[in-house]
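FYI, side chains are in, hydrogens and waters are out, and symmetry mates aren't considered; it's all heavy atoms of this structure. Throughout, protein chains are lettered first and strands after them, A, B, ... in sequence-line order, and every chain is numbered starting at 1.
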Amino acid sequence: MSKVVSLAEAAALVRDGDTLALGGNLLHRIPAAFARALARAGRRRLELVKTAAAYDVDLLCAAGAVATVHAGYVGYETHGMAPAYRRAVESGAVTAAEHACTTVIAALRAAAFGVPFQPVAGLDGSDLPAARGWRRIADPYGRGGEVVVIPSIRPDWAVLHVQVADAQGNGRILGAPYEDPLMARAARRVILTAERLVPSADLAREPELTQVPGFAVAAVVHAPGGAWPGSCHGFYDVDAAALDEWLRAAREPARLAAHLEAAR
Amino acid sequence: MSKVVSLAEAAALVRDGDTLALGGNLLHRIPAAFARALARAGRRRLELVKTAAAYDVDLLCAAGAVATVHAGYVGYETHGMAPAYRRAVESGAVTAAEHACTTVIAALRAAAFGVPFQPVAGLDGSDLPAARGWRRIADPYGRGGEVVVIPSIRPDWAVLHVQVADAQGNGRILGAPYEDPLMARAARRVILTAERLVPSADLAREPELTQVPGFAVAAVVHAPGGAWPGSCHGFYDVDAAALDEWLRAAREPARLAAHLEAAR
Amino acid sequence: MSAGRDVPTQMIVAMARRLRDGETVFYGVASPLPLLATRLAQRRHAPRLTPLNIPGGVGATPPAPRSGSTVGPDMLAGSPAVFPLMDIFDLSARGGLDVVFLSGVQIDPTGAINMSAIGDLERPRTKLPGGAGSACLMPTARRVLLWRSRHDPRSFVERLDFRTAAGNVEAVVTPLAVLARVEGRLAVESVHEGMTLDEVRAATGFPIDPVGGRGAGVPVTPPPTADERAVLDDLDPARVRDLEFR
Amino acid sequence: MSAGRDVPTQMIVAMARRLRDGETVFYGVASPLPLLATRLAQRRHAPRLTPLNIPGGVGATPPAPRSGSTVGPDMLAGSPAVFPLMDIFDLSARGGLDVVFLSGVQIDPTGAINMSAIGDLERPRTKLPGGAGSACLMPTARRVLLWRSRHDPRSFVERLDFRTAAGNVEAVVTPLAVLARVEGRLAVESVHEGMTLDEVRAATGFPIDPVGGRGAGVPVTPPPTADERAVLDDLDPARVRDLEFR
């Protein structure tokens, strides 16, 4: 009944062309080790979905694994743009399916709710709806005006790095949940990487903290340090030196292999 | 800065004709003491919103406080129908705005998301959409067929009984959340009744368990036993004898005053 | 209640046997029988069953609830997670719920149910409690298992006063029989020990045939085994399962 | 950096002063300046301010983040609740967010921003990081406060390459000045100490007038007081506020 597998076994579940929602946010509680495993496995043509991304999306772009990125923000905050992502988009190798973070959430909500589209407030004055072909629908109850509706995005996988999980895939997130609980619901299947594996009975003592129920989870990987070089709340902070090193490597495609090797 | 007031003061915030979302479910973690306070205050023409209700809605119907009930279920499970609610609906004194629990949630989601309507899956073959005037909308992206959209319900108040709160209105729910967190977001303002008041610093030790943020809360009432005769997870179970007594009282309008008096 | 005609036990056993290992299965309000059916299945043939309930229990192991409520705090017993009602509805809506147990005050020949009103919905002769989540669950869950603690012509009717919900009904378990839905219409799959097809027909407010067709025979529902009885007695020593039949 | 021309401190102070006690205020990614502005306001005139951030801090008291990230675990410091990004967007969507701090790589005369691309969106000359939540927040939040760590004609442009977001902009705080939106168009509300209106005009890629009109005078932004400086030095001893200006 255990769903625990190795990182490489979990990565092998993903097929070329799959759509992946990646948990965490920017450099925080991201499925970094899993992204590296996908890069090592040579996955291609992935569609990535995330509100605000940094290392994981950038690394997969550097590895040539990506066809499309659906995101509201890709960058390293005050450390600047994502070099590999930017290069891939500007060269045409990767399509930036520009979203607002809000519309990524709306698209995932539609999938989680089992409906074809999700109305979202705002977007007035933005060029995004026209650029993305998002439609407006009049309120059939005549109380509001028109509202933009976002088509659902149903990822094949949600890949989430959590602090604690059991072998059945029940996952506990401490601190910021970001969009992980929604991703776990919107996606067809879930892959968890976890800092710690514990017996289910430990989770049952505070079940309110388990945001990912095990029945939707296909694989659990024991991956201490799985968010490195990012942070993991309650476990470790961003590795600033490693991040600087990566940002240099991301500018030079030839250095990717060394980065993947060093990160083992 | 404290928002702590008496039960009567909190009840006085509600005006005749207001729409109230009532937290909890059936006989569990319901705002029962607050419902009695509204009955004592003589509120009239309230609109009540809840997925599955028992004592709170029944009591307010007995008190003549209710115009409309938007609910998916009103009853006492194996103990049978809600006597006062049933009498009020059958006499025409109260309008049963029949919902599915799902469509109550959809209506509250629309309000929480700031959109005029919320698509919901299902309802095929049901007479509910026609009876309620719910419209179907074609998927403008041509991927699905039609989907029913539910108009938003934005309650004036969410009234929630929680286990733990601080004086600023941050509320912690233990065990089943039911629809309380959604209600706290869908409503314009929130009234909390709480088994225990604690310093904010206590909540800050496990902020993940605080589902109601204080800034939306207008009033906090220290109300130990506030869900009686219902249960409150971690505090007390259903008072079966008191429930039987109430179910007899609910059949005889003259006995309401005695029930309200006995419940002080 | 003799051992040979322990209706609640027979019904629970018939419900439990339809559950398959590894499935997700939801029961809602007023559902001691489905709760016990899931517990029985977990203890016997379906250890990896994931029962879900309103408070959010995920594969929980709640006791038979003496209060009769399947919505209370005890439903979380042993649960490693809280996955509450909203999440369950969404799960069904996106095609991820295998089984839902539902009941109906009226049930029609197609398995559609009325839980809303006798008479007119707006001004009912008798207001019923409402269908809870059924209107959305019945069309979206993979398999709908209905149960009804009475089998009489007022419950099984040709025409519903109001069609609260309709959808993917697989079977209806009653005190007399198991009805299966075949080509969109209920038929008698089996009669419980001691019952006859004629008795079932007399108790049903619409014409009903055996699954095999008008002239076909009807098997007897396999009665509870000694082990099933023993497990149920262990799970429900106070016989909460009798509550619906009082 | 002399005390008389401490640009980050001047900008933070100008941002903080616009916050009113009791408001809800959100800052997103890459926002050390807004974070410090909310902390400064909390410590001085707005003790009941409720800053919200992406990880879910509610009235939290995070340290100045040495990493420069305003999305990390430290943002929850002291928070009694977790109210994460999705909830914040919804809060704004339903009219409950008082203030949002946002930035733009390009800002046009109406306060609309481009965070998406220089050149064509589909095949950009320069891909920008994206507008995060701004396209939905700018039209729905009550008051939008923009800041930009550069004030030059490439940042303040007559026409955006792409209009990522537009909406309820109240003011733009820059290294040179505070611009206010008056009748839909940016105007100079005040210039920081040592700056002149002509310098602001030369640094702005579109014609811009004082708030009082073309010929009107422009006040000097009140410089940071000794107490404001002291509180900021206490909140940010390592001068994280300089990160954006390197």
| field | Under 4.5 Å from a heavy atom of chain B, the part of Ile105(A) involved | value | neither
| field | Arg29(A) and Asp180(A) ion-paired at < 4.0 Å | value | yes
| Is there a donor-acceptor pair under 3.5 Å between the side chain of Asn25(B) and the backbone N or O of His28(B)? | no
| task | Please flag which part of Pro207(A) lies under 4.5 Å from any non-hydrogen atom of chain B: side chain, backbone, both or neither. | result | neither
| For Val149(A), is it the side chain, the backbone, both, or neither that has a heavy atom closer than 4.5 Å to a heavy atom of chain B? | both
| task | Give, as side chain, backbone, both or neither, the part of Tyr141(A) having an atom under 4.5 angstrom from any heavy atom of chain B. | result | side chain
| query | Between Trp228(A) and His161(A), is the ring centre distance below 6.0 Å? | reply | no
| message | Does this structure show an ion pair linking Asp56(B) with Lys50(B), if we count only N-O contacts that are shorter than 4.0 Å? | response | yes
| Heavy-atom proximity to chain B below 4.5 Å, by part of Glu206(A) | side chain
| message | Under a 3.5 Å threshold, yes or no: a donor from one side chain and an acceptor from the other, between Ser152(B) and Arg143(A)? | response | yes
